[in-house]
*Asks:* 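Sharing a structure, written as structure tokens. Questions coming.
In what follows, chains carry the letters A, B, and so on, assigned in the order in which the sequence lines appear, proteins first and then strands, with residues in each chain numbered from 1.
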Amino acid sequence: MAGTAVETTPKAEQCDVSPVTRLPRRADFLRVAAERRRWAAPGLVLQVAPRPEPESGAETGVRVGFTATKKIGNAVTRNRARRRLRAAVREIIPRAARPDCDYVVIARGATGTRAYPKLLADLRIALEKCDALRPCAAGEAP
RNA sequence: CCAGGCGGCCGGAUGGCCGCGCGCGGGCAAUGGGGAAACCCGUCCGCGUGAGGAAAGUCCGGGCUCCACGGAAGUACGGUGCCGGUUAACGGCCGGCGGGGGAAACCCCAGGGAAAGUGCCACAGAAAGCAAACCGCCCGCCGUCCGCGGCAGGCAAGGGUGAAAGGGUGCGGUAAGAGCGCACCGCGUCUCCGGCAACGGCGACGGCACGGCAAACCCCACCGGGAGCAAGACCGAGUAGGGACGGCACAUGGCGCACUUCCGCGCCGCCGUCCGGGUGGGUCGCGCGAGGCGUCCGGCGACGGGCGUCCCAGAUGAAUGGCCAUCCAUCGGCGCGGUUUCGGCCGCGCCGGGGACAGAACCCGGCUUACAGGCCGCCUGGCGCC
RNA sequence: CGGGACGUAGCGCAGUCUGGUAGCGCAUCACACUGGGGGUGUGGGGGUCGCCGGUUCGAAUCCGGCCGUCCCGA
């Protein structure tokens, strides 16, 4: 499924990839959570909020933050969950997500053990359910 | 070969695709982007480098940083606790000593003081700490239904209670008994000897006087200022109810320096100038160190010293990864072969499972706890063979 | 990073300082009162005292080490 995006060269012209940066501040996490646009999949929870307009107008692409709480395990478990989510996000978000939003991905207990293709599917479905699919990529959804 | 004990070490490997942090070099992007500013930053390529033995728990000890701090004596509080050594230091470690366990190798022990004092020892038991006598034993006298009973004394062997009952075992001794006498053991005191010491040993004397609990209060000896990298420093915007400095005013009082005493010190009100708080703003602190490895010397050892060599993570919503393949170690099942002390063990093949505990956050020395599996060395005991 | 509290019956708590018997309320069970339910009364059952060691004759209690939960401060 990663191959489909690579092969669609003509589409890539109109649907170019957005650069992904991290969301580092607690205030941003709170703002995204307050928006209450969220979807819980078996492997992850996704929260979405429109990015506040930077008046200078320079878009920096989508911003993504990760959360792994103590509830899902010790430090090793949390690190592994966050790294898998990071890998999944890198594979999906730049092409499939609306570029004018901020995202927070929260790890769940199954994040570390869920089969990777299913984790990718979880993220796609969550984007769709949160109405955060990139318009031109909507038809590409499985 | 089997069983056991001790010490040390390792803790998956190789490859493919796609990525991350930091450092260095080069190209492109510049009149560049974000931001109030300090300050931070792109993209492409190459090279280097990137978690642990416990990085964990945060139980001790230090370095470092800031704060506090005048001195003396005593008190309080907390910790440690056989002796000697080691160390920057320790509650760690090493070597001894003593006690306990084990057939042995070896293992375990908060192991100072109970004749400084206070307290406790439930239940049971006559009696629980100071000597005493419930059943009992015995001489004498009296009575007698000849079983024994009473009185006056002597005794603590035996019984019984208990975790513990005023030394233990044996012989002698006696009316019965008793360290009453003797031997051995234990205990105490003293002399001498060995040892730096803890302690051990020989001997003499004592004739049992000294129950246990100090992880009960306590006594003795020694140690201890407080806080922690969110320490702290600088930069930026920028304020007063805070601070510093200068001037004026000023007490007899109040507060503070753990407590007390003595001496000592600081602060309090007004004006001016400068600084200054929060907002988890930014940068530094932030990796050459009680450092790693090798080797030689001293030491039983912990450890110390010399020489050579290496530079070895620095994130901050937090890099060190995601996915996959093969191999190896290994586990379960089946089959075949070998061996056996009939419990098993070893080798080969096939199928399936499948990587333990766990992630640096200022650094270091320990301790404690978790951990699939494996390797090496030494020691003790048993069996077999030569 | 620093500090503190708690863990005892199904639930909520005493007992721990000062060591020897684990107790109270609710719930639960049986019986009685009632035509039945509720309610009341009487009686009963139920606890590895978070786990592992140590001290002691004896540990829920004292000491040490682990585990878990919660709460403060910076």
*Asks:* Could you list the residues that satisfy salt bridge (Lys or Arg N to Asp or Glu O under 4.0 Å) with R86(A), not counting sequence neighbours?
*Replies:* none
*Asks:* Which base sits across from A133(B) as a Watson-Crick or G-U pair, both distances under 3.5 Å?
*Replies:* none
*Asks:* List the steps and the verdict of side-chain contact (heavy atoms from CB on, under 4.5 Å) for V104(A) and V64(A).
*Replies:* CA-CA 6 Å; V104(A) 170; V64(A) 182; over 6 Å; no
*Asks:* Measuring from R124(A):CZ to E91(A):CD, what's the distance to the nearest 0.5 Å?
*Replies:* 8.5 Å
*Asks:* In whole Å, measure the gap between the P atoms of G377(B) and G54(C) for me.
*Replies:*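 Nearest-Å result for G377(B) against G54(C) at atom P: 37 Å.
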*Asks:* Determine which nucleotide pairs with C220(B), using a 3.5 Å limit on both distances of a Watson-Crick or G-U wobble pair.
*Replies:* G81(B)
*Asks:* Begin from the C-alpha positions of D122(A) and R114(A) and carry the test side-chain contact (heavy atoms from CB on, under 4.5 Å) through to its verdict.
*Replies:* CA-CA 10 Å; D122(A) 285 344; R114(A) 191 164 170 81; 2.6 Å; yes
*Asks:* Determine the interatomic distance between P on U283(B) and the same-named atom on G23(B); round to the nearest Å.
*Replies:* 13 Å
*Asks:* Pairing check on U339(B): which nucleotide meets the Watson-Crick or G-U wobble criteria with it, both distances under 3.5 Å?
*Replies:*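 Pairing partner, where one exists within any strand: G344(B).
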*Asks:* Any idea if A76(B) is syn or anti, going by the 90°-from-0 cut?
*Replies:* anti
*Asks:* Does any nucleotide pair with A127(B) by Watson-Crick or G-U wobble geometry, both distances under 3.5 Å, and what is it?
*Replies:* none
*Asks:* Start at the 5' end of RNA chain B and walk down; is the nucleotide closest to A87(A) or to A68(A) reached first?
*Replies:* A68(A)
*Asks:* Can you tell me how far C1' in C39(B) sits from the matching atom in A313(B), rounded to whole Å?
*Replies:* 26 Å
*Asks:* If the cut-off is 4.0 Å, is R63(A) near the phosphate of G317(B), judged by side-chain N/O to OP1 or OP2?
*Replies:*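 Checking G317(B) against R63(A), no side-chain N or O comes under 4.0 Å of OP1 or OP2.
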*Asks:* Enumerate the residues from residues 75-85 of chain A whose closest heavy atom to RNA chain B is under 4.0 Å, giving them by residue number; use none for an empty result.
*Replies:*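 Contacting residues: A75(A), V76(A), N79(A), R80(A), R82(A), R83(A), R84(A).
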*Asks:* Given a 3.5 Å cut-off on both pairing distances, which stems involving RNA chain C, each at least three consecutive Watson-Crick or G-U pairs, are present, if any?
*Replies:*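 In RNA chain C, stems of three or more pairs: C:1-7 with C:67-73, C:10-13 with C:23-26, C:28-33 with C:39-44, C:50-54 with C:62-66.
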*Asks:* F66(A) CZ to A319(B) P: how many Å, rounded?
*Replies:*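 So the CZ-P distance, F66(A) to A319(B), works out to 11 Å.
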*Asks:* Is there a Watson-Crick or G-U wobble partner for G91(B) with both distances under 3.5 Å, and which nucleotide is it?
*Replies:*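 Result: none.
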*Asks:* Find the distance N74(A):CG to C67(C):P and express it as a whole number of Å.
*Replies:*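 That distance rounds to 13 Å.
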*Asks:* Pull up the glycosidic torsion of G242(B) and say syn or anti, syn being anything within 90° of 0.
*Replies:* anti
*Asks:* Please classify the glycosidic conformation of C284(B) as syn (within 90° of 0) or anti (everything else).
*Replies:*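 Nucleotide C284(B) adopts anti.
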*Asks:* Can you name the side chain to side chain donor-acceptor pair (under 3.5 Å) partners of T77(A), sequence neighbours left out?
*Replies:* N74(A)
*Asks:* Using the C1' atom on both, measure C180(B) against U174(B) and round to a whole Å.
*Replies:* 9 Å
*Asks:* Which value, in whole Å, describes the distance between the C1' atoms of nucleotides G162(B) and C205(B)?
*Replies:*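 About 37 Å, rounded to a whole number of Å.
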*Asks:* Please round to the nearest 0.5 Å and tell me the distance separating atom CD1 of I93(A) and atom CZ of R63(A).
*Replies:*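 Here the interatomic distance stands at 13.5 Å.
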*Asks:* In whole Å, measure the gap between the P atoms of C26(C) and G41(C) for me.
*Replies:*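 Comparing P positions in C26(C) and G41(C) gives a spacing of 9 Å.
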*Asks:* Identify whether the glycosidic angle of A55(B) places it syn (within 90° of 0) or anti.
*Replies:*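 Here A55(B) takes the anti form, which means its glycosidic angle is more than 90° from 0.
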*Asks:* Taking the P atom of each, how far is C213(B) from G5(B), in whole Å?
*Replies:*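 After rounding to an integer number of Å, I get 34 Å for this pair.
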*Asks:* With a 3.5 Å limit on both atom pairs, tell me what U58(B) is paired to, counting Watson-Crick and G-U wobble, or say none.
*Replies:*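 Per the H-bond distance test, none.
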*Asks:* Between A227(B) and C60(B), how far apart are the P atoms? Round to whole Å, please.
*Replies:*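 12 Å, rounded to whole Å.
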*Asks:* What heavy-atom pair brings Y103(A) and R98(A) nearest, and what distance separates the two atoms?
*Replies:* OH-O, 2.8 Å
*Asks:* Given G359(B), C18(B), G322(B), which nucleotide is nearest the side-chain atoms of Y116(A)?
*Replies:*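 Nearest listed nucleotide: G322(B).
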*Asks:* Pair up each side-chain donor or acceptor in residues 36-49 of chain A with any protein partner under 3.5 Å, not counting sequence neighbours, and list the distances.
*Replies:*
unit_1	atom_1	unit_2	atom_2	d
R37(A)	NE	C130(A)	O	3.3
R37(A)	NH2	C130(A)	O	2.8
R37(A)	NH2	D131(A)	O	3.2

*Asks:* Write down the partner of C205(B) under the Watson-Crick or G-U wobble criteria, each distance required to be under 3.5 Å.
*Replies:* G188(B)
*Asks:* So how far is it from I125(A) CD1 to K118(A) NZ, rounded to the nearest 0.5 Å?
*Replies:*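 NZ of K118(A) is found 11.0 Å from CD1 of I125(A).
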*Asks:* Counting only Watson-Crick pairs (N1-N3 plus N6-O4 or O6-N4) and G-U wobbles (N1-O2, O6-N3), all under 3.5 Å, who is the partner of G256(B)?
*Replies:* C265(B)
*Asks:* Kindly give the cluster partners of V76(A), where membership spreads through any ILVMFWY side chain lying under 4.5 Å from a current member.
*Replies:*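 Reading the cluster by chain and number, V76(A) sits alone, since nothing else belongs.
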*Asks:* Is the glycosidic angle of G147(B) within 90° of 0, making it syn, or outside that range, making it anti?
*Replies:*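 This nucleotide is in syn.
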*Asks:* If you round to the nearest 0.5 Å, how far is CZ of R84(A) from CG of L119(A)?
*Replies:* 5.5 Å
